*Asks:* 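A single structure is presented below for examination.
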Amino acid sequence: MWDYTNKVKDHFRNPRNVGSIPDADAVGEVGNIVCGDALKLYLKVDKTTGKILDAKFQTFGCASAIASSSALTELIKGMTLEEARRVTNQQIAEFLGGLPEEKMHCSVMGMEALEAAVVSYGQGGKTVTHAEPEGKVVCKCFGVTEEKIIRTIRENKLTTVDEVTNFTKAGGACGKCKGDIEAILKQTLGAGSGQTAPQAKKTFAEMTAVQKIHAIEDALAREIAPKLNADGGSIELVDVSGTVVKVRLMGMCKGCPSSGFTLKSFVEKRLQEMVDASITVEEAR
Amino acid sequence: MKVTYLDNNATSMPAPEVTAEMQPFLTEFYGNASSMHDFGGGVQRYLDKARRQVADLLGAADPTEIIFTSCGTESDNTALFSAIRSYPEKRHIITTRVEHPAVLNTVRYLQSQGWQATYLEVDQDGNLDMESLRRSVTTNTAIVSIMHANNETGVVFPIEEAAAICKERGALFHTDAVQSVGKVPLDLKNSAIDMLSLSGHKLHAPKGIGVLYVRRGTRFVPFMMGGHQERGRRAGTENVPYIIGLGKACELARERLNDENTRVKALRDRLQAGLLSAIPNAKVNGANARRLPNTANISFEFVEGEAILLHLSDLGICASSGSACTSGSLEPSHVLRAMGVPFTFAHGSVRFSLSYYTTEQEIDLVLAEMPAIIKKLREISPFGRSEAAAKSCTC
């Protein structure tokens with residue numbers, strides 16, 4: 001049982017600003033269904049003053065993810081975009097009277113959706129998916145980079161590996177990167193010059209389930225989905241079992257007579273090239 | 001608010017008959033069964049009775065095969081460590097990917113200490129790969145530990161068949177039957193099962209009491225060293241009131257086995273069918289396998305388990321989930337993942353586990369409330385919006 005504040009419970013039971021804005025001026029999204037939480041944020045912005053006139057959200061996740069999203073929209077309504085981009089995850093957590101340590105990553109997710117939305121506004125309102133800061137991926141299970149870890153340590157004054165896991169999810173699945181996180185902590189806190197251990201590239205079969213999913217999601221997002229989008233279609237990852245990747249074709253691809261061809265000669269071929277030659281792709285029914 | 005308790009695989013209500021039976025031994029009859037005086041020694045015959053009640057429920061050949069422990073986890077640890085100490089030359093252990101942590105983490109520990117371990121796979125229905133078991137057991141295998149019924153899905157494994165395979169190859173066979181005792185009939189004397197763990201609090205006895213059954217003639221090394229209690233197989237003063245409570249609970253379970261497999265099963269089936277017909281994009285995990293009569297593990301796509309549980313909790317309804325957010329780790333249930341349940345479903349899994357005390361009205365309440373909870377969460381979720389639904393949206 002999580003120890004949620006009454007404010008968290010209230011925003012979970014009665015979330016404010018749920019939904020979408022059809023003619024939104026900014027749409028930012030972060031996370032995915034596979035990782036267990038995802039947030040899509042819609043903003044309506046006054047073009048002359050830069051003020052956020054309306055904010056709505058859609059969230060998949062636990063009670064604190066829903067409450068954090070609700071809190072975020074309440075916080076930023078009425079702010080200018082410039083003010084909103086300075087909102088931190090601590091402000092979201094404080095608005096809710098605090099979050100359990102293990103759930104702090106929910107507030108980080110809110111901040112990241114907001115950052116993506118600000119980028120989206122600059123691009124004319126086109127949906128922008130939050131991109132992890134460039135750099136070396138430390139936690140392969142959840143795809144967390146060294147830059148994100150360093151930044152989260154600094155912004156939240158973190159001092160232990162467990163805290164880093166609570167705020168970023170890094171190290172929360174297989175735990176193999178905990179030594180690396182420890183080294184990053186030491187470096188960031190200036191308490192020594194720990195070196196991060198080099199990580200050997202794993203073959204697909206050796207990866208954990210979450211690592212596999214990240215590798216596939218990454219390839220789908222970078223190369224495969226944009227190509228299908230161009231033809232009015234879309235694709236989502238449904239499951240990974242061994243080296244078999246199950247996907248669902250959507251939009252124009254769904255029921256398209258050549259979808260079987262697309263699946264094998266494009267999706268499978270690209271995944272084999274980008275991730276691992278052992279992959280086979282199947283369509284989920 | 002009235003509590004609707006549908007989380008009996010987590011723990012169960014102590015039966016009033018059980019607590020009544022225990023009461024005198026918590027107050028006036030506090031003697032030590034090992035004492036020479038009548039006041040203490042007189043307790044012994046109540047312990048004997050309890051041992052017989054447990055043996056009867058399990059179909060054991062003799063009450064001396066019953067060793068009282070503090071919990072299911074202690075029983076599991078005792079069985080595994082006894083096997084490897086009894087057969088020090090054998091360096092291989094077999095278990096399954098879907099075991100309870102009491103077995104899984106103990107085997108992982110032994111693996112870190114140099115033992116080889118094989119984790120048997122399950123298929124998408126949750127059924128065990130018996131072929132792989134046949135291939136894996138060798139003369140180097142010290143023990144095979146396979147749960148009788150899975151705590152999350154209720155899927156029942158064919159342990160009699162597995163035990164027979166192990167006996168043929170000379171490997172010990174242990175089963176963690178914590179979830180199945182009192183729900184599935186057992187006849188240990190006519191099986192090849194060497195050791196079996198059970199836990200009192202899953203069958204309406206209180207927490208803090210368990211049993212390890214050890215077949216007569218099985219090599220055994222104690223886990224707890226010390227006094228002569230339990231015929232030198234488990235040291236420590238007998239937990240008299242709890243042993244007596246467990247004995248009574250086993251007697252009741254034997255009488256209620258039929259109710260469990262008829263009335264309780266019908267309630268479970270009604271709950272399952274009702275939820276599936278009222279809520280789209282939902283499925284029962286392990287639906288095609290042989291399952292415990294009381295367990296329904298249902299996944300609701302596009303929503304997250306913890307959020308479902310908290311809405312249920314607001315209505316006094318108690319259930320569990322295999323979602324990542326409810327576990328200590330950030331990954332969803334190892335059982336559902338082993339079955340290949342897609343993440344989109346695994347995060348939204350809810351386990352309802354019924355008992356002898358579950359009523360029609362309680363099932364009606366869940367059936368009445370659940371569709372609105374899922375609908376509300378799906379309205380918040382960015383997933384599961386088909387193109388058709390998006391187009392017809394008038395907002």
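This is a predicted model, so every value here is computed, not measured. Naming: A, B, ... by sequence-line order, numbering from 1 per chain.
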*Asks:* Under 4.5 Å from any heavy atom of chain A, what part of B:F345 do you find: side chain, backbone, both or neither?
*Replies:*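 Neither part.
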*Asks:* Can you tell me if B:K375 has over 12 outside heavy atoms packed within less than 6.0 Å of its NZ?
*Replies:*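 12 or below, so no.
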*Asks:* Go through the atoms of B:R378 and report whether side chain, backbone, both or neither lie under 4.5 Å from a heavy atom of chain A.
*Replies:*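 Contact with chain A is absent: no heavy atom of B:R378 under 4.5 Å.
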*Asks:* In terms of heavy-atom proximity below 4.5 Å to chain B, should A:I213 be classed as side chain, backbone, both, or neither?
*Replies:*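 Side chain only.
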*Asks:* Using heavy-atom distances under 4.5 Å, tell me whether A:V238 contacts chain B through its side chain, its backbone, both, or neither.
*Replies:*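 Both backbone and side chain.
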*Asks:* If you define the side chain from C-beta out and look only at heavy atoms, does anything of B:Y119 sit under 4.5 Å from B:T96?
*Replies:*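 Contact flag for B:Y119/B:T96 side chains = no.
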*Asks:* Using only atom types and a distance under 3.5 Å, with no angle test, would you say the side chain of A:K56 pairs donor to acceptor with the backbone of A:L43?
*Replies:*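 Side chain of A:K56 to backbone of A:L43, a donor-acceptor pair under 3.5 Å: no, none is there.
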*Asks:* Do A:K148 and A:E112 meet the salt-bridge criterion of a basic N to acidic O distance under 4.0 Å?
*Replies:*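 So A:E112 pairs with A:K148 through a salt bridge.
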*Asks:* Need one label for B:Q124: side chain, backbone, both or neither, based on atoms under 4.5 Å from any heavy atom in chain A.
*Replies:*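 Neither the backbone nor the side chain of B:Q124 comes within 4.5 Å of chain A.
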*Asks:* Would you say A:F12 and B:H311 make side-chain contact, with heavy atoms under 4.5 Å?
*Replies:*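 Yes, close enough: below the 4.5 Å cut-off.
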*Asks:* Check this for me, if you would: do B:E121 and B:R97 make a salt bridge, where the nitrogen-to-carboxylate-oxygen distance has to be below 4.0 angstrom?
*Replies:*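 A salt bridge links B:E121 with B:R97.
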*Asks:* I'd like to know if B:R134 and B:E131 make a salt bridge, using a cut-off of under 4.0 Å between side-chain N and carboxylate O.
*Replies:*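 Yes.
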*Asks:* With a strict 4.5 Å heavy-atom criterion, list every residue of residues 104-112 of chain B that contacts chain A, or say none.
*Replies:*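 Contacts with chain A: none.
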*Asks:* Determine, for A:R16 against A:D10, whether the closest basic-nitrogen to carboxylate-oxygen distance falls under 4.0 angstrom.
*Replies:*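 Between A:D10 and A:R16 there is a salt bridge, with a charged N closer than 4.0 Å to a carboxylate O.
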